[in-house]
Amino acid sequence: MPYFSIETSASLDNAAACALAKKASAFIAATLGKPEQYVMTSVVPGLAMSFGGDTGRPVALVTLKSIGLAKVRCPELSKAICAFVEKELSVSPDRTFIDFTALDGGFFGWNGKTF
């Protein structure tokens with residue numbers, strides 16, 4: 001049940017944002033080895049954001065929440081996610097933050113129940 005969100009100052013029209021959300025779904029499912037049918041993604045482009053006080057170059061804040069997310073995998077995931085964001089949005093890895101959250105399935109609901 002991964003949730004993968006990209007908030008960015010990069011501009012995208014709605015069609016491009018939807019296409020990226022679909023691509024992000026396949027990417028994170030494959031990267032985590034989880035079934036895509038349980039993946040939720042969101043892409044929020046065009047935000048007013050700064051990094052180090054600089055608003056001139058695009059930035060991104062990525063959120064990855066997943067049940068069973070192991071801390072030991074976060075460095076590998078960080079590298080893969082930064083590469084994905086750079087390829088898709090031209091946001092440099094040094095202007096991308098990633099918020100990893102390991103979820104307890106008992107505190108996460110779906111389809112009228114919890115995991």
Side-chain angles (χ1 to χ4, degrees):
M1 95 13 62
Y3 172 63
F4 186 63
S5 175
I6 303 169
E7 297 178 18
T8 183
S9 61
S11 295
L12 295 175
D13 63 27
N14 190 55
C18 287
L20 180 56
K22 186 171 178 61
K23 195 178 282 190
S25 180
F27 161 76
I28 206 63
T31 302
L32 293 175
K34 299 222 177 186
E36 190 175 0
Q37 70 190 45
Y38 296 110
V39 173
M40 180 181 284
T41 62
S42 67
V43 175
V44 184
L47 294 174
M49 299 174 79
S50 72
F51 192 103
D54 176 11
T55 59
R57 295 181 296 142
V59 301
L61 171 62
V62 178
T63 301
L64 175 60
K65 297 181 180 194
S66 185
I67 296 168
L69 183 62
K71 185 177 181 179
V72 69
R73 287 204 63 203
C74 289
E76 154 208 344
L77 293 169
S78 181
K79 185 175 183 176
I81 291 167
C82 282
F84 178 81
V85 170
E86 184 172 35
K87 178 182 175 204
E88 298 300 328
L89 292 169
S90 299
V91 175
S92 175
D94 68 347
R95 294 186 58 80
T96 301
F97 274 168
I98 305 167
D99 180 11
F100 294 102
T101 304
L103 298 173
D104 178 327
F107 286 103
F108 203 83
W110 169 73
N111 199 21
K113 44 193 160 189
T114 61
F115 287 89

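- When all heavy atoms of Pro58 and Ser9 are compared, the closest pair comes out as CA-OG, 3.2 Å.
- The hydrophobic clustering, which links ILVMFWY residues whose side-chain heavy atoms are closer than 4.5 Å, places Ile81 and Leu69 together.
- Residues Met49 and Val43 are members of separate hydrophobic clusters, defined by side-chain heavy-atom contacts under 4.5 angstrom among Ile, Leu, Val, Met, Phe, Trp and Tyr.
- In terms of hydrophobic clustering, with Ile, Leu, Val, Met, Phe, Trp and Tyr side chains grouped at heavy-atom distances under 4.5 Å, Leu12 and Ile6 are assigned to a common cluster.
- A salt bridge links Arg73 with Glu76: the distance from a Lys NZ or Arg NE/NH1/NH2 to an Asp or Glu carboxylate oxygen falls below 4.0 Å.
- For Asp54, the salt bridge (Lys or Arg N to Asp or Glu O under 4.0 Å) partners at least two apart in sequence or on another chain are Arg57, Arg95.
- Atom OH in Tyr38 sits 11.0 Å away from atom CD1 in Ile67 (nearest 0.5 Å).
- The hydrophobic clustering, which links ILVMFWY residues whose side-chain heavy atoms are closer than 4.5 Å, places Val62 and Val59 apart.
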Please tabulate, one pair per line, all N/O donor-acceptor pairs under 3.5 Å involving side-chain atoms of residues 101-111, not counting sequence neighbours.
unit_1: Asp104; atom_1: OD1; unit_2: Gly106; atom_2: N; d: 2.8

Worked verdict on Leu32 versus Val39 for side-chain contact (heavy atoms from CB on, under 4.5 Å): CA-CA 10 Å; Leu32 293 175; Val39 173; over 6 Å; no
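- Interatomic distance, Ile28 CD1 to Thr41 OG1, rounded to the nearest 0.5 Å: 10.0 Å.
- Partners of Glu88 under the salt bridge (Lys or Arg N to Asp or Glu O under 4.0 Å) rule, at least two apart in sequence or in another chain, are Lys23.
- Rounded to the nearest 0.5 Å, atoms OG (Ser5) and CG (Leu61) are 7.5 Å apart.
- The CD1 atom of Ile98 sits 8.5 Å away from atom CG of Leu64, with the distance rounded to the nearest 0.5 Å.
- Two residues are said to be in side-chain contact when any heavy atoms from C-beta on lie closer than 4.5 Å; Thr96 and Glu86 fail this criterion.
- Tyr3 meets the ring pair (Phe, Tyr, Trp, His ring centres under 6.0 Å) test with no other residue; sequence neighbours excluded.
- Listed here is the closest heavy atom pair of Met1 and Ser66: SD-CA, 4.2 Å.
- Of all heavy-atom pairs spanning Thr8 and Ala10, the tightest one is OG1-N, 3.0 Å.
- For the ring-ring contact (aromatic ring centres under 6.0 Å, His included) condition, the pairs that include at least one residue of residues 49-75, sequence neighbours left out, are Phe51-Phe97.
- Residue pairs meeting the ring-ring contact (aromatic ring centres under 6.0 Å, His included) criterion with at least one member in residues 52-84, sequence neighbours excluded, are Phe27-Phe84.
- Scanning both residues, Ser25 and Glu36, for their nearest heavy atoms gives OG-OE2, 2.7 Å.
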